[in-house]
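Shown next, in structure tokens, is the structure this report addresses.
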Amino acid sequence: MDAEIVGRARNELQRQGYHAALLSDPASVTWLTGYAAPAETGPSPFDAPAFVVLTQDILALIVAETEHMAASSTSVPVHTYVGYTIEQPLAPVLRASDSVSELLHQAIGRTGTLLCEAQTLPFHTAHMLHSRYQLVAIDGWANRLRAVKTVSEVNKIRAALELCDLAQTTARRIVRPGASEVALFQEVRAVIEGTAGERLPIFADFIAGQRTVEIGGPPSASILQPNDPLLVDWVLRRNGYWGDNCNVHIAGTPSASLHQLYRTVQQVLDRVLVALKPGMRANELDRLTRTYVERAGYASYPHHTGHGIGVSYHEEPRIVAYNDMILEPGMVIALEPGIYVPGIGGVRLEDTVLITEHGCEVLTYHRKSLE
């Protein structure tokens, strides 16, 4: 638990004139408590979403009994319910709802106004609460608060990025013709989890050859041919916080055309990092980056220019054309311009940076070169 984050959240509640909130968005839960729900196997049949009850005096976490040990390490008071059982039918949402009801009764009584994240609140829980409280949806309420990181959050992101850099170093070392994408992915993953000493949620674009023109995708059984590019966009979560970087490696010797693509994207990224400063708007940074690509004679890429990163691997500030959010010191963003040309291949390079008072600090150190 980060006391500065909890203070920000309570101040926001007070600013909006409310006393209590029930939070169920996994990102909000991790941000406020430090507890990160298991992500590798998707939704569990034994658990409901974790809940947080927040008032000016109370911060409490509600999880299934099987998650009690992991949740207790956060120093936040934990309330549990029976999830996995062989004695009776499975009903985690109903039991979690009962725990929520009991805790809210202790915290704010049986009536009043309650803020909730409606998009992630189970229907049964919402129906039960609606009979007792006036529910006010506040989805996205923490997006701007979460965008500016505390020192503790930045340190956690740095730790995740160290493993992302190791992933790129490993991919560069092992890339070779004759291996499949999925075999190379498994080799990289083994190094990362062996170094971390634990299983980690990992999301990656891991594509080779002409598949790199398709922007992204999971590793397949496709076999690398001599001189194929391998695009590795490596995203992982460590201690609840995500890291993200991207690079392209070569199974042999790059063609002159691919080398030119790589050099151009590298120059674009370098120029953007020099230009980046607090006070810019997100869409201004997006427009500037695309302009650099187009001036080099290439079509603009069909994806975002970048995104914030923290308890979610894609959060505010989104570096896209519609977003006029002002960039502030303390924001951590991943910047990822790319160029994709059929017949040649695709190149995307990504660094994660911390916006400072006068510019930015690059937090990723992976080597960007095809040699």
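All of these numbers come straight from a predicted model, not from anything done at the bench. In this chain, residues are counted from 1 in sequence order.
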Any chance the side chains of Glu65 and Thr80 put a donor and an acceptor closer than 3.5 Å?
no
Any side-chain donor-acceptor pair under 3.5 Å between Thr150 and Asp2?
yes
salt_bridge(Glu315, Lys149) N-O dist < 4.0 Å:
yes
Find out whether Asp286 and His304 are in side-chain contact, i.e. whether some heavy atom of one side chain is under 4.5 Å from a heavy atom of the other.
no
Are the side chain of Arg10 and the backbone N or O of Thr55 linked by a donor-acceptor pair below 3.5 Å?
yes
Going by salt bridge (charged side-chain N to carboxylate O under 4.0 Å, His left out), name the residues that satisfy it together with Glu193, two or more places apart in sequence or in a different chain.
Arg189
Taking C-beta and beyond as the side chain, do Glu336 and Asn245 meet within less than 4.5 Å on heavy atoms?
no
Any salt bridge between Arg173 and Glu187, counting N to O under 4.0 Å?
no
Side-chain touch Val232/Gln168, heavy atoms, less than 4.5 angstrom
yes
Answer yes if the side chains of Thr352 and Asp244 hold a donor-acceptor pair under 3.5 Å, and no otherwise.
no
When you compare the side chain of Asn247 with that of Lys368, does any pair of heavy atoms fall below 4.5 Å?
yes
Describe, in one word, how the ring planes of Phe123 and His127 are oriented to each other, choosing from parallel (under 30°), tilted (30 to 60°) and perpendicular (over 60°).
parallel
What class does the angle between the rings of Trp234 and Phe185 fall in, given that below 30° is parallel, 30 to 60° is tilted and above 60° is perpendicular?
tilted
Do Glu4 and Arg8 meet the salt-bridge criterion of a basic N to acidic O distance under 4.0 Å?
yes
Between Glu12 and Arg15, does any NZ, NE, NH1 or NH2 come within less than 4.0 Å of an OD or OE carboxylate oxygen?
yes
Are the side chain of His307 and the backbone N or O of Tyr313 linked by a donor-acceptor pair below 3.5 Å?
yes
Short side-chain to backbone donor-acceptor contact, Gln225 and Ile223, under 3.5 Å
yes
